[in-house]
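The next block holds one structure in the form of structure tokens; read it before the comments.
What you are looking at is a predicted structure, and each value in this text was computed from that prediction instead of being measured. Chain naming here is simple, since letters A, B, ... match the order of the sequence lines and numbering starts at 1 in each.
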Amino acid sequence: MKPDYDFKGIEQKWQEIWETQRVHEAVDFGVKPKFFGLIEFPYPSGSGLHMGHLRAFTSLEIVSRKRRLEGYNVLFPIGFDAFGLPTENYAMQTGRHPRSVTDDNIKTFTSQLKALGYSFDYSRVVDTTDKDYYKWTQWIFVQLFKKGLAYKSTAYVNYCEKCKVILANEESQGGVCDRCGSDVIQKEKDVWFLKIRDYAESLLDGLEGLDYLPRIKTEQINWIGKSEGAEIDFAVKGGKPGQKLRVFTTRADTLFGVTFMVVAPEHPIIAENAGFISNLRQLEDYRAETRKKNEFERAHVNKDKTGVKIQGLTAVNPINGLEIPIFIADYVTPDYGTGAVMAVPAHDTRDYEFAKKFDLPIVEVIAGGDISREAYTDIQNGVMVNSGFLNGLSVKEAGKAVVGKLTADGIGCKKINYNMKDWAFNRQRYWGEPIPIIYCPKCGAVPVPEADLPVVLPPLDRYRQSETGESPLAGVSDFVNCKCPVCGADAKRETDTMPQWAGSSWYYLRYIDPKNPNALADYEKLKYFGPVDWYNGGMEHVTRHLIYSRFWNQFLYDIGVVPFREPYKKRTAQGLILGEDGAKMSKSLGNVVSPDSLVRDFGADVIRLYTMFIGDYESSIPWSNAGIIGCRRFIERVYNLLDIADLSQDSISQKREGAVNRLIKKVSEDIECLKFNTAIAAMMTFLNEVTSENAITKGELRILLLLLYPFAPHISEEINELLGYSTILAKSDYPKYDPSKLTDAEIELPVQINGRLKGTVRVAAEASLDEVKAAVRANPALSALLSGNAVKKEIYVPKKILNLII
RNA sequence: GCCGAGGUGGCGGAAUGGCAGACGCAAAGGACUUAAAAUCCUUCGGGGGCAACCCCGUACCGGUUCGAGUCCGGUCCCCGGCACCA
């Protein structure tokens, strides 16, 4: 007799055995083929693991365990993305140092992960807030700086005048300060940027060979936002001599239809020609209004077109010499294209609205629409009109002709633009990697010499920004004051820190060589383990995080530090787990389900299994406690198979050959394409079959255990041991199926008459049409339906269907 | 507005163009029990019929096909992402 199912004891026992035997540690330069499985490392928040982590981690946990049985040297690491706002805010409220808060949280996370039996290689844990780690984050920044890919410029940041702090976007949602509720304004600030735009084309190209889910590729392509068009110079009258206004357009074909110009309120043409403009005050007022709006409002709330005409300046259309007015309007943004557009109201919806509002002329240059009602924007159809030498051409031909002429005249050229903005890279926060730059009055911004890295975060009494919005580090004079590494003069350190995206942009590399003091990772080890074979995470990270880290990897490849250009061969994404009420799980809604209590009540195996069984892996799904019991029953019933198993039979019984082979195929293939729910369902079906027949051989049971092992490893190991096997499953081989034994000799073939199902006949799987027809005649019900009717047509798809048309 | 993914029982969900609803939950009935829990058995999309069986059914309208949840055209609705991108 076997003991009762004591999941607590069993799970602890096997976790210890695996740890002692070190079965989950990856071997540097191992002889087996390597597999690098990566999950997005968690932010160690104070509330511990949540259900989303379980769903995200369990999938690749299953794949990783399967790969080990398949003979791979598996690197399945874990770490912590521990810099960030919540910890800093918590530290501010409680007076505790973020370091000790982080350490505690990491401890909690680690024990939770271990209790779930995840087979991470805990000997390679990475913590982005460890100075031995962020030394290399800083080192990468220095390399970017040296290659001219990090630069300083001004930009607008969210600022609360009452709290006197700069706010992150998530702290200023809806244009209101998170802390005090007052309005957030846009304040001009020095900002560090990384030139990710220089890598736009490369990031686009690189996608081609990658095995990312199609929707993930699409999101990245949209995010990069490549558009091909032309830049055109318009001469400006009334301003400085030789003043020009350069625009970007994708519709050079419509140049004859330009009736006015619009520039962003921030456009430099205003300051540069201030002396020639008569309504400067009015323009500045409008600009000030614009600045009050954050990006959200500018894009969403302000659907109504507004703007102000620049009095004193006009532009000249280079194609027809027409003199046209110039406006400023906030629908034109300063950081896309040239911050100036040529307005073609007849063929652009926004320009159309603006022209209507300001009563500007609308000139049709493409026939086919009704411009008295709306802008005509179809570029596929339509013929050029009112366009001089372009008349009669198609839109495409006209575009080419215009760009050709402008290029010849030296006032325009082809141009590609990207929607993706450069990466704003500094934060006025304490709990982040200090940006390793020193400002020297003589030498300017100088990178900290590599030998002096890391620039360590000093201890602090208070974590608040200064009244001017400077980082808390600005108040630490020992930190700020230093010598210029170039000339030795008195200098000051940069006091801003990096965004949370920094540490997570290269962590997968550090897993390969986590303790290396001389390089971010050894080149040969990178060659062996890299790139990541399979990366799984949330859809919310497939643009920013995934693009940022691809950018860094491509850069590190370009400077010869990393031996592969693309970091992730394959990327998948799980759906959200919602609260039982169908809303996003959140503390404020009180619908959060804690993995801790579930593991306590049901055990890790049941929870892991249920998390994968609950539904389609890629869809959002409401959590339901009610369903867990089904997985608990399943596991107990598998355990109870010990009572009926025929221990004398190591082989697979003749009658079960088809079922066992199909099961192996189904489970192993479903795991590879994220269909965990149907893999589990197949095992349940198999279990139902053997229990209803009350028979299973020892050999059949072991195969079931090997298939179940990646999902529910503890109980599988336990049953395997009770069966008397001396090799633990963790060191066993994954079962293979025999393709020739997938179908049973006899099948139930559905029979349709006139396309409607009328019954089934039992025939050999490879039966001929004549044999099937004989079986139909032998079936009383079917032959009765056919009697007296001539069969006009017979459709027979072997193993699928017989359809008789009468 | 654009891009993407969807719409199937009371619920979560299955279904290379070939028996719609696998598997699980919930529910109902029964067995066991002094009783309950657990477990086991049965039923479980809707309608009709004493019954064998018949009819309807995968958001809606139409099409292709021997055969459509699946393919094509159109409509509606939900979800995710991006958004005045010139």
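Salt bridge status for A:Arg246 with A:Asp233: present, with a side-chain N to carboxylate O gap under 4.0 Å.
With RNA chain B read from its 5' end, the first of the two nearest nucleotides for A:Leu785 and A:Thr218 is the one closest to A:Thr218.
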Under 3.5 Å, which donor-acceptor pairs link side chains of residues 671-681 of chain A to any protein atom two or more places apart or in another chain?
{"unit_1": "A:Glu672", "atom_1": "OE1", "unit_2": "A:Arg67", "atom_2": "NH2", "d": "2.8"}
{"unit_1": "A:Glu672", "atom_1": "OE2", "unit_2": "A:Lys66", "atom_2": "NZ", "d": "2.6"}
{"unit_1": "A:Glu672", "atom_1": "OE2", "unit_2": "A:Arg67", "atom_2": "NH1", "d": "2.9"}
{"unit_1": "A:Thr678", "atom_1": "OG1", "unit_2": "A:Asp670", "atom_2": "OD2", "d": "2.7"}
{"unit_1": "A:Thr678", "atom_1": "OG1", "unit_2": "A:Lys675", "atom_2": "O", "d": "3.0"}

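In this structure, A:Asn419 reaches the bases: a heavy-atom distance under 4.0 Å links it to at least one base atom across the strands shown. Among the protein residues, A:Lys792 comes within range of no part of the nucleic acid, since none of its heavy atoms lies under 4.0 Å from any strand. Nucleic acid contact for A:Ile629: sugar-phosphate only, since backbone atoms but no base atoms lie under 4.0 Å from a heavy atom of the residue. Using a 4.0 Å heavy-atom criterion, one finds that A:Asn688 contacts the sugar-phosphate atoms exclusively. If you check every strand for non-hydrogen atoms under 4.0 Å, A:Arg215 touches sugar and phosphate atoms only. Across all strands, A:Met684 comes closer than 4.0 Å only to sugar-phosphate atoms, never to a base (heavy-atom distances).
For the side chain to side chain contact (heavy atoms under 4.5 Å, CB included) with A:Pro750, the qualifying choice from A:Asn803, A:Leu802, A:Leu757, A:Val761 is A:Leu757, the only one to do so.
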*Evaluation steps, salt bridge (charged side-chain N to carboxylate O under 4.0 Å, His left out), between A:Asp253 and A:Arg251*: CA-CA 5 Å; A:Asp253 53 291; A:Arg251 298 298 308 276; 2.9 Å; yes
Show each protein N/O and nucleotides 14-22 of chain B N/O combination with a separation under 3.5 Å, one pair to a line.
{"unit_1": "B:A14", "atom_1": "OP1", "unit_2": "A:Asn677", "atom_2": "ND2", "d": "3.2"}
{"unit_1": "B:A15", "atom_1": "OP1", "unit_2": "A:Lys675", "atom_2": "NZ", "d": "2.8"}
{"unit_1": "B:U16", "atom_1": "O4", "unit_2": "A:Lys800", "atom_2": "NZ", "d": "3.3"}
{"unit_1": "B:G18", "atom_1": "N2", "unit_2": "A:Gln752", "atom_2": "OE1", "d": "3.2"}

